[in-house]
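This report refers to the structure that appears directly beneath it.
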Amino acid sequence: MTLSTPPARASTSSLAGTVSRREYWFGLPALPTSARAARDTVRDRLRAWKLPGDTCCDAVLLVSELTTNAVLHTSSGHVLCGLTLTGDERRLRIELHDEGDTPVRPPETRAGPGEESGRGLLLVQQLAYSWGSARSRWAGGKVVWVELTAHL
């Protein structure tokens with residue numbers, strides 16, 4: 001299955017009473033090398049948006065974790081990543097869509113011998129303002145989303 005890029009949203013500057021947003025989407029093959037490409041793409045985009053260094057570092061770390069999880073734990077051929085900066089520019093939303101159908105849940109216990117540790121999701125819980133997982137409209141699988149507070 002090929003993931004489609006979400007259609008461009010209506011220009012909010014022409015819609016009365018709405019708040020503008022910055023949004024950026026990119027797709028990658030679900031390969032081990034894609035985590036690095038995702039990190040580089042996110043870092044470049046957030047620097048262009050002039051987000052603070054701490055927010056950029058947290059976002060790069062989280063997108064790396066989400067991409068790695070999608071590559072290792074799903075049979076996806078592609079992943080789709082979206083970055084959205086809210087109109088007040090105080091919240092950054094990261095979405096990672098994959099073709100996997102297993103929902104992501106917060107880690108509850110420590111892993112036993114030979115099991116996945118879940119440390120990555122503990123990291124997500126610690127850094128994110130909020131996060132979750134849902135069925136993806138774009139990938140036919142799931143989306144894991146993370147929201148960060150942009151410390152301006």
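Computed from a predicted model, the values in this text were never measured in an experiment.
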Can you name the side chain to side chain contact (heavy atoms under 4.5 Å, CB included) partners of [X], sequence neighbours left out?
{"X": "Thr41", "result": "Tyr24, Phe26"}
{"X": "Ser136", "result": "His97, Trp138, Ala139, Val143"}
{"X": "Asp44", "result": "none"}

Qualifying residue for side-chain contact (heavy atoms from CB on, under 4.5 Å) with Leu127, from Val146, Leu122, Leu61: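 Filter result, single survivor: Leu61.
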Might you point out which heavy atoms bring [X] and [Y] nearest each other, and give the distance in Å?
{"X": "Tyr129", "Y": "Arg91", "value": "CE2-NH1, 3.0 Å"}
{"X": "Leu96", "Y": "Cys81", "value": "CD2-CB, 4.0 Å"}
{"X": "Ala128", "Y": "Leu148", "value": "CA-CD2, 4.0 Å"}

Return the [atom1] to [atom2] distance between [X] and [Y], rounded to the nearest 0.5 Å.
{"X": "Leu62", "Y": "Glu147", "atom1": "CG", "atom2": "CD", "value": "12.0 Å"}
{"X": "Arg45", "Y": "Leu51", "atom1": "CZ", "atom2": "CG", "value": "11.0 Å"}
{"X": "Arg90", "Y": "Thr55", "atom1": "CZ", "atom2": "OG1", "value": "11.0 Å"}

Could you tell me if the side chain of [Y] sits less than 4.5 Å from the side chain of [X], heavy atoms only?
{"X": "Ile94", "Y": "Trp145", "result": "no"}
{"X": "Leu121", "Y": "Asn69", "result": "yes"}
{"X": "Thr74", "Y": "Glu99", "result": "no"}
{"X": "Val71", "Y": "Ser76", "result": "no"}
{"X": "Leu92", "Y": "Thr149", "result": "no"}
{"X": "Arg43", "Y": "Asp40", "result": "yes"}

Flag if over 12 foreign heavy atoms under 6.0 Å of CG, Asp101: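 No, not enclosed.
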Worked verdict on Leu28 versus His78 for side chain to side chain contact (heavy atoms under 4.5 Å, CB included): CA-CA 6 Å; Leu28 296 167; His78 294 86; over 6 Å; no
Donor-acceptor pair, [X] side chain versus [Y] backbone, under 3.5 Å?
{"X": "Ser34", "Y": "Ala30", "result": "no"}
{"X": "Thr68", "Y": "Ser64", "result": "yes"}
{"X": "Arg135", "Y": "Gly141", "result": "yes"}
{"X": "Arg93", "Y": "Leu83", "result": "no"}

Shared hydrophobic cluster for Val63 and Leu123 (ILVMFWY, side-chain gaps under 4.5 Å):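 Val63 and Leu123: one cluster.
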